Amino acid sequence: MLFSYSWLKEYTKGKLPNPKDLADLITMHAFQVEELKKRGKDWLLDIDILPNRAHDCFSYLGIAREVSGITNLKFFPPDFKVKEDKKLKNSKFLDVEVKDKKTCLRYTARMIKGVKIAQSPKNIQERLKLMGLQPINNVVDIMNYVMLETGQPLHAFDFDKLSGFENKKKIIIRKAEIGEKIEALDDKKYNLDPEILIIADEKNPLAIAGIKGGKRAEISNTTKNIIIESANFESKSIRKTRQKINLITDASLRFEHEPDPNLTILAINRAASLVQKICGGSILKEAIDVF
């Protein structure tokens with residue numbers, strides 16, 4: 001897995017060893033660094049993370065913790081605050097029902113009203129490109145950015161595209177029904193069956209849980225109100241589904257390695273703070289959290 005040297009530096013306090021020395025230290029004490037390559041003014045470390053450490057090291061924060069331990073530098077996680085609108089609660093606009101609690105271990109959701117969709121700041125776009133991800137728009141890019149940072153996959157839905165009342169929607173986490181289909185964000189249609197966990201509204205599938213979002217509630221230039229999803233799914237279910245539909249994604253890779261369920265709150269709050277800073281909008285108070 002690729003990691004940017006300059007990005008890693010942000011999570012440690014003190015002078016980090018130069019890229020070559022850092023690569024040697026990581027190889028001696030943690031994981032094999034298979035390649036060190038120059039990219040512009042930055043360096044990329046290709047780190048071979050062992051499966052038994054993927055749950056906590058498929059992220060910048062995870063590798064930064066290892067680096068801080070190896071180098072005796074202080075670990076310096078991102079400092080942020082969630083400024084909630086005290087007048088509006090998430091529960092006033094959104095309900096969440098987890099019908100399959102064996103497969104969906106935790107589901108955390110937050111709503112942000114009044115965002116403005118545009119291009120991401122240049123530094124976010126450049127970092128995503130370094131990691132092999134294509135920038136799309138500010139909201140989607142923030143979801144991917146925070147996934148890389150924390151190891152927790154995130155997804156954003158356009159609130160106004162969900163079925164339901166104008167000002168009250170419902171998200172349901174359930175197994176798909178026989179004959180259901182979904183058009184995903186990769187423009188492909190997937191046949192669903194009762195072994196596949198999905199995220200749905202009261203009428204239709206919205207996403208293949210833990211793997212791929214659907215077109216129906218995608219973030220577009222007209223989006224104003226969003227729901228951020230931060231969930232934890234059973235690894236066996238994710239692996240079985242991605243094999244069935246023949247689709248591996250950055251999200252499925254992480255869920256297959258059992259990330260810590262406690263990450264959902266950290267990641268959703270980090271993403272919400274970045275959305276508010278970059279895209280504007282009001283963060284509704286009291287995140288919905290089914291654990």
Side-chain angles (χ1 to χ4, degrees), residues 1-78 123-135 141 143-154 210-212 232-243 246-263 266-267 270:
M1 184 168 285
L2 295 176
F3 291 88
S4 154
Y5 176 79
S6 64
W7 194 354
L8 277 173
K9 283 175 67 176
E10 293 187 4
Y11 305 113
T12 54
K13 198 168 186 179
K15 185 174 176 58
L16 200 64
N18 66 59
K20 185 180 183 306
D21 288 344
L22 180 62
D24 290 341
L25 284 171
I26 293 173
T27 296
M28 289 173 63
H29 295 282
F31 310 109
Q32 179 76 31
V33 178
E34 296 187 331
E35 188 178 7
L36 177 67
K37 43 192 173 185
K38 192 84 161 62
R39 284 289 177 84
K41 296 180 180 180
D42 201 357
W43 290 85
L44 289 182
L45 292 85
D46 190 353
I47 304 175
D48 183 16
I49 299 166
L50 300 175
N52 68 319
R53 293 298 309 280
H55 66 279
D56 68 306
C57 286
F58 271 3
S59 67
Y60 273 84
L61 292 182
I63 293 298
R65 286 192 195 94
E66 295 293 307
V67 168
S68 66
I70 293 167
T71 60
N72 289 318
L73 295 175
K74 185 177 179 181
F75 176 56
F76 195 66
N123 69 316
I124 289 181
Q125 291 192 47
E126 289 176 347
R127 285 183 171 180
L128 291 179
K129 288 176 182 177
L130 272 178
M131 299 301 103
L133 296 175
Q134 184 64 36
D141 292 353
M143 301 302 118
N144 286 328
Y145 186 90
V146 175
M147 176 189 68
L148 293 172
E149 182 179 65
T150 65
Q152 171 63 49
L154 299 163
I211 299 178
K212 198 73 173 178
N232 189 279
F233 302 108
E234 182 193 45
S235 62
K236 291 180 181 179
S237 172
I238 299 300
R239 185 178 301 111
K240 190 173 183 180
T241 296
R242 67 95 171 155
Q243 289 172 341
N246 192 29
L247 179 63
I248 300 175
T249 62
D250 289 296
S252 70
L253 181 65
R254 285 165 173 80
F255 282 127
E256 284 188 50
H257 289 89
E258 301 181 345
D260 183 354
N262 292 297
L263 280 176
L266 169 69
R270 170 65 165 158

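Nothing fancy with the numbering, it's 1 onward along the sequence. Model, not experiment: these values are computed from the prediction.
- Residue-environment remark: CD1 (Ile248) stays at or below the threshold of 12 foreign heavy atoms within 6.0 Å.
- Counting non-hydrogen atoms of neighbouring residues, nucleotides and ligands closer than 6.0 angstrom, the CZ atom of Phe76 reaches no more than 12 such neighbours.
- Every residue was checked against the salt bridge (charged side-chain N to carboxylate O under 4.0 Å, His left out) condition with Lys13, not counting sequence neighbours, and none meets it.
- In terms of heavy-atom proximity, Pro259 sits nearest to Gly151 at CB-O, 4.4 Å.
- When all heavy atoms of Tyr5 and Pro17 are compared, the pair lying nearest together is OH-O, 2.6 Å.
- The aromatic rings of Tyr11 and Tyr60 are tilted relative to each other, their planes meeting at an angle between 30° and 60°.
- With Glu256 as the partner, the salt bridge (charged side-chain N to carboxylate O under 4.0 Å, His left out) test is satisfied by one option alone out of Lys236, Arg242, Lys240: Arg242.
- Here the closest non-hydrogen pair linking Asp141 and Gln134 is OD1-O, 4.3 Å.
- The line from CG of Asp42 to CG of Leu8 is 9.0 Å long, rounded to the nearest 0.5 Å.
- Within a 6.0 Å sphere centred on CG of Asn246, other residues, nucleotides and ligands contribute 12 heavy atoms or fewer.
- Considering every non-hydrogen atom in both Val33 and Thr27, the closest pair reads N-OG1, 3.1 Å.
- Closest non-hydrogen pair, Phe58 versus Leu253, comes out as CE2-CG, 3.9 Å.
- The shortest distance between side-chain heavy atoms of Pro135 and Ile124 does not fall below 4.5 Å.
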Q.
Between Trp7 and Leu148, is the side chain to side chain contact (heavy atoms under 4.5 Å, CB included) condition met? List the steps.
A. CA-CA 11 Å; Trp7 194 354; Leu148 293 172; 4.0 Å; yes

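- Environment of NZ in Lys74: sparse, with no more than 12 heavy atoms of neighbouring residues, nucleotides or ligands closer than 6.0 Å.
- When all heavy atoms of Pro19 and Trp43 are compared, the pair lying nearest together is CG-CD1, 3.3 Å.
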